[in-house]
Amino acid sequence: MAGLGVDMVRMVRRNKLVGFWAAEKLALAGENAKTYSDGLAMAALDVERSNILAIIRRDFDAAGVIQSDEDILAVMNVCLLEAGKPTKGSDGSDAALLHIARNLMQGS
């Protein structure tokens, strides 16, 4: 069970990192970029919204952003590796998302 919780936290962190990358491609900045990233991070906790490739593809297509699925998947893989590294200082929203993920996994 502990491993599953760690994996969920890692997926939340990965989605947050991918979300900031995608937000930049979508020309979102500041609070809009953070909100987009947080939305993708929370999608890791929702089975019906957990396919972030599909979410990003839809958003990129709607905004006319040219990026292949392979490129998106490559960024997702890099972010998954990054999400597994210990963090020194993260913002409060990242900590809140990690706390939510841990609580959900403890309730399982």
Side-chain angles (χ1 to χ4, degrees):
M1 178 65 82
L4 185 56
V6 169
D7 288 344
M8 181 59 68
V9 169
R10 189 173 181 196
M11 292 307 290
V12 168
R13 290 179 65 199
R14 183 218 49 191
N15 285 10
K16 187 165 179 70
L17 293 169
V18 172
F20 277 117
W21 171 82
E24 181 181 333
K25 297 287 184 186
L26 292 165
L28 300 174
E31 196 60 34
N32 291 331
K34 183 179 170 305
T35 299
Y36 187 83
S37 177
D38 288 349
L40 287 183
M42 294 304 292
L45 308 175
D46 182 352
V47 173
E48 294 179 13
R49 293 183 14 203
S50 64
N51 186 350
I52 68 163
L53 174 61
I55 293 169
I56 292 170
R57 167 60 39 223
R58 180 197 66 218
D59 293 345
F60 279 10
D61 289 347
V65 174
I66 306 298
Q67 201 77 51
S68 72
D69 286 354
E70 292 78 17
D71 290 340
I72 296 168
L73 287 169
V75 169
M76 289 171 63
N77 287 332
V78 167
C79 289
L80 184 59
L81 292 172
E82 185 66 29
K85 295 179 181 176
T87 59
K88 289 182 182 176
S90 57
D91 68 9
S93 65
D94 192 32
L97 289 170
L98 296 176
H99 179 71
I100 291 167
R102 285 187 185 114
N103 286 342
L104 285 174
M105 294 315 300
Q106 287 174 352
S108 298

Sequence neighbours excluded, every pair satisfying ring pair (Phe, Tyr, Trp, His ring centres under 6.0 Å) that has a member inside residues 40-59: none

Find the distance between [atom1] ([X]) and [atom2] ([Y]) and round it off to the nearest 0.5 Å.
X   : Y   : atom1 : atom2 : value
M11 : L80 : CE    : CG    : 6.0 Å
D38 : E31 : CG    : CD    : 8.0 Å
Q67 : R57 : CD    : CZ    : 8.0 Å
S37 : L17 : OG    : CG    : 7.0 Å
S50 : M42 : OG    : CE    : 13.0 Å

Tell me the closest heavy-atom pair linking R49 and A43, and the distance in Å. O-CB, 3.1 Å

Residues A83 and R10: closest non-hydrogen pair is CB-O, 3.4 Å

Would you say the side chain of K16 lies within less than 4.5 Å of the side chain of R13, judging by non-hydrogen atoms? no

Among Ile, Leu, Val, Met, Phe, Trp and Tyr joined by side-chain contacts under 4.5 Å, find the other residues sharing a cluster with I52 and list them by chain and number. V18, W21, L26, L28, Y36, L40, L53, I55, I56, F60, V65, I72, L73, V75, M76

